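Everything numeric here is computed off the predicted structure, so don't read it as measured data.
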Amino acid sequence: DGEYTLRLGMAGEGEQQDMAWTFQFELPAPAGAVVHVAQTQATGDASIAGGDVRLSPTMITAAIHLEPKDQEVSGWAAIGHFKHDERTIAIDWGVNRGPSDLDQPAGTNAGVDNVEGAWALVITELVGERPDGTQLRLEGPWEFAFSAP
């Protein structure tokens with residue numbers, strides 16, 4: 001939560017000025033609950049460390065840290081789902097392209113109204129890209145059990 005400033009514009013060339021728009025606004029604290037999942041799971045090809053998981057009515061997100069054995073691969077994406085009691089919610093997004101994609105979010109396009117109870121984050125596969133453009137797929141599962149108050 002807090003105050004934010006968003007500045008949008010087009011940089012001018014020569015004597016033309018920057019045509020910028022500035023918007024200032026305040027955002028409330030995000031809804032839902034945050035659970036810290038301090039666990040690391042490993043297979044022969046990679047380990048994954050779980051961080052904070054935000055459980056909210058609009059989405060679920062988990063911070064994860066990847067440590068693949070093959071350090072040449074980038075563009076990692078986590079494939080899997082969240083389990084809450086009997087419900088399964090697929091991970092819909094979560095790849096960060098850039099200099100380091102080992103720390104990234106994994107998230108859903110769906111949320112939950114009642115966060116209480118037993119949960120699990122299950123990553124069934126990691127998919128990355130080698131420098132030559134070929135794909136590397138690492139099979140899991142990496143499973144992180146936790147509970148929400």
Which heavy atom of Glu143 sits nearest a heavy atom of Ala120, and at what distance? OE2-CB, 4.0 Å
So which atom in Pro28 and which in Asp1 form the shortest heavy-atom distance, rounded to 0.1 Å? C-CB, 3.4 Å
For the residue pair Val115 and Pro149, what are the closest heavy atoms and their distance? CG2-O, 4.3 Å
Side chains of Leu121 and Val37 in contact at under 4.5 Å (non-hydrogen atoms): no
Answer with yes or no whether the side chains of Asp45 and Thr43 bring together a donor and an acceptor at under 3.5 Å. no
Can you tell me how far the CZ atom of Phe144 sits from the CZ atom of Phe82, to the nearest 0.5 Å? 10.5 Å
Could you tell me whether Glu139 atom CD has more than 12 heavy atoms of other residues or ligands within 6.0 Å of it? no
Could you measure the distance from the OG1 atom of Thr124 to the CD1 atom of Ile91? Nearest 0.5 Å is fine. 7.5 Å
Verify, without hydrogens or angle tests, whether Arg130 (side chain) and Gln135 (backbone) share a donor-acceptor contact under 3.5 angstrom. yes
Hydrophobic clustering (ILVMFWY, side-chain heavy atoms < 4.5 Å, transitive) - are Ile60 and Ile79 grouped together? no
Given 3.5 Å as the limit, does a donor-acceptor pair link the side chain of Thr108 with the main chain of Met59, or not? no
Distance (rounded to the nearest 0.5 Å) between Leu136 CG and Leu126 CG: 9.0 Å
Using atom types as modelled and distance alone, determine if a side-chain donor or acceptor of Lys83 lies under 3.5 Å from a backbone N or O of Val122. no
In Å, rounded to the nearest 0.5 Å, how long is the span from CG of Asn114 to CZ of Arg87? 10.5 Å
Would you give the length of the straight line joining atom CZ of Phe25 to atom CG of Leu6, rounded to the nearest 0.5 angstrom? 5.5 Å
For the pair Gln24 (side chain) and Tyr4 (backbone), establish whether a donor and an acceptor sit closer than 3.5 Å, ignoring hydrogens and angles. no
Quick check: closest heavy atoms across Glu3 and Glu26, and the distance to 0.1 Å? CG-OE1, 3.9 Å
Over all atoms of both residues, closest heavy-atom pair of Trp142 and Gln41: CD1-O, 3.3 Å
Would you find a donor on one side and an acceptor on the other, under 3.5 Å apart, between the side chain of Gln104 and the backbone of Trp76? yes
Between Ser74 and Asp101 the two heavy atoms that sit nearest each other are C-OD2, 3.2 Å
Roughly how far, to the nearest 0.5 Å, is CD of Glu125 from CG of Leu138? 8.0 Å
